Amino acid sequence: MIGVLCKLWVRTSELFDSVLAVVLHRHRPLGHARRWRHLPVYRPLVDLSTMEERHVIITYRLDRATIQELCTQLEPDLMSAIRHPTGIPPQVQVLSVLHFLTSGSFQTTVAIASGMSQPMFSNVLSRVLSALLKHMRSYIVFPQVEDSPTVKGDFYALGHIPNIISAIDGTHMALVPSHRSEQVYRNRKSYHSMNVQMVCLADQYISHVNAKFPGSVHDAYILRNSSIPYVMGQLQRHCVWLLGDSGYPNLSWLLTPVRNPRTRAEERYNEAHGRTRRVIERTFGLLKARFRCLHMTGGSLFYSPKKVCQIIVACCMLHNLALRRQVPFLQEDGPDGGVVAALEPVDSEDEEAEEEDMDNRDSAIQQYFQ
């Protein structure tokens, strides 16, 4: 009797479940109908192989071969972040970030042009910048002792000052800081920025960059708190000098102009100094023209100071890559589409530093300009 009741109870429960399933199915809204879930498939909107070479250089500031080489170098880091095969390909990630850096547009505009959402591009930007900065030491290299004869010869051809190994100066990159640190980033020109110290060679190759200090910090302070004094101290026994403006102190390895020249030799020295030091100003102009996100016409960078520092260093690395691969700088609105000589005006508003250790400058004037 108990076995019969158990079988009857099991059959009754099964019948109840079947009736309940039918009722729920009849009254189920159409929106809750079961659908098969498909993985999102990203369809690239940009095909690098179908673009003209000139259009590639104008859009991304690099030629097709250089972009492919860069994608190959960054592919291990970019592929590790893709969860499934339908994710964004590494080449699309690199192209979208290059478009962002060169155009100076907002993330939403670049994301639409790349076929992705704004949050997705924000993740892509952080991912590509992190992957690129891992190779910083292979892109930004200070000249070594074995390179000094060639480097000094290139600088001597500019202004006939011997033993110059690099030129140094600072430039401001605009950003939008938080309200708590607004005054720290306000520079002498009354806008917020990062004061970026750069050192370049005669061919406008950037050999050192320091983008960690806000706009209110003086150039001389940034120099003292960078690795340049140590590096130049090691090279001082090889009789090489660094060239700087009047905003820097006249150190034993740093040549600055004479404030009030009294002799013809000092005037000739200042003229040669100015001709040689203009290379760092041309470097600033070319860098900001290549990457409009760093130029004032492209607007301020709406990122944290740490992210702005990463963007600046990444642009310097790509600038050196373009010079190394001899990629011309082309403008879409140029009269003949040729190379454009971008030049930033010489900043004459630098606060003058105190005179220190002028023996090296006086000896250089007496030896080479008397």
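All residue numbers in this chain count up from 1 along the given sequence. As the structure is a prediction and not an experimental result, all values here were calculated from the model.
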Discussion item. Check this for me: does any side-chain nitrogen of one of Glu271 and Arg268 sit under 4.0 Å from a carboxylate oxygen of the other?
Written reply: no
Short side-chain to backbone donor-acceptor contact, [X] and [Y], under 3.5 Å:
X      : Y      : answer
Asn270 : Pro257 : no
Thr256 : Ser246 : no
Thr276 : Leu158 : no
Gln107 : Phe121 : no
Glu53  : Arg64  : yes
Ser130 : Arg127 : no
His273 : Gly244 : yes
Ser96  : Gln93  : yes
Thr102 : Thr59  : yes
Gln204 : Ala202 : no

Looking only at non-hydrogen atoms, find the nearest pair between [X] and [Y] and report the distance.
X      : Y      : answer
Val217 : Ile222 : CG1-CG1, 3.7 Å
Ala211 : Met194 : O-CE, 3.1 Å
Val124 : Met116 : CG2-SD, 4.3 Å
Ile280 : Cys200 : CD1-SG, 3.5 Å
Leu129 : Ala314 : CD2-CB, 3.7 Å
His238 : Lys152 : O-NZ, 4.4 Å

Approximate separation, where rounding is to 0.5 Å, of [X] [atom1] and [Y] [atom2]:
X      : Y      : atom1 : atom2 : value
Arg61  : Ser103 : CZ    : OG    : 9.0 Å
Ile228 : Leu251 : CD1   : CG    : 12.0 Å
Arg282 : Asp203 : CZ    : CG    : 11.0 Å
Ile57  : Met51  : CD1   : CE    : 10.5 Å
Leu223 : Asp169 : CG    : CG    : 11.0 Å
Gln144 : Gln234 : CD    : CD    : 11.5 Å

Under a 4.5 Å cut-off applied to non-hydrogen side-chain atoms, are [X] and [Y] in contact?
X      : Y      : answer
Leu133 : Met317 : yes
Val141 : Tyr205 : yes
Leu175 : Tyr303 : no
His319 : Thr283 : yes
Val128 : Phe100 : no
Pro143 : Ser166 : yes
Met296 : Lys288 : no
Lys307 : Ser126 : yes

Within 6.0 angstrom of [X] [atom1], more than 12 heavy atoms from elsewhere:
X      : atom1 : answer
Tyr221 : OH    : no
Gln326 : CD    : no
Arg264 : CZ    : yes

Discussion item. Applying side chain to side chain donor-acceptor pair (under 3.5 Å), can you list everything that pairs with Glu69, at least two apart in sequence or on another chain?
Written reply: Arg325
Worksheet entry | Intermediate values then yes/no, side chain to side chain contact (heavy atoms under 4.5 Å, CB included), Ile161 and Phe155 | CA-CA 7 Å; Ile161 300 181; Phe155 271 105; over 6 Å; no
Practice prompt. Using the six-membered ring wherever Trp is involved, compare the ring planes of Phe302 and Phe106 and label them parallel, tilted or perpendicular (cut-offs 30° and 60°).
Written response: tilted
Practice prompt. Determine, step by step, whether Tyr156 and Asn163 satisfy the side chain to side chain contact (heavy atoms under 4.5 Å, CB included) criterion, reporting the C-alpha distance in whole Å, the side-chain angles of both residues, the deciding distance to 0.1 Å, and the verdict.
Written response: CA-CA 8 Å; Tyr156 184 80; Asn163 300 329; over 6 Å; no
Are [Y] and [X] connected in a single hydrophobic cluster, I mean Ile/Leu/Val/Met/Phe/Trp/Tyr linked by side-chain heavy atoms less than 4.5 Å apart?
X      : Y      : answer
Phe284 : Tyr191 : no
Phe213 : Val308 : no
Ile164 : Val145 : yes

Worksheet item: With sequence neighbours excluded, what pairs up with Arg186 under the salt bridge (charged side-chain N to carboxylate O under 4.0 Å, His left out) test?
Response: Glu182
Worksheet entry | Full working for side chain to side chain contact (heavy atoms under 4.5 Å, CB included) between Leu70 and Leu318 | CA-CA 10 Å; Leu70 183 64; Leu318 296 174; 3.9 Å; yes
Discussion item. Working note: Glu281 + Arg278, criterion salt bridge (charged side-chain N to carboxylate O under 4.0 Å, His left out); need CA distance, chi angles, decisive distance, verdict.
Written reply: CA-CA 5 Å; Glu281 302 294 342; Arg278 288 193 188 99; over 6 Å; no
Worksheet item: Going by distance alone, is a donor N or O of one side chain under 3.5 Å from an acceptor N or O of the other, for Ser226 and Asn210?
Response: no
Item to complete: Please step through side chain to side chain contact (heavy atoms under 4.5 Å, CB included) for the pair Met232 and Ile165, ending with a clear verdict.
Response: CA-CA 10 Å; Met232 292 304 300; Ile165 196 173; 4.2 Å; yes
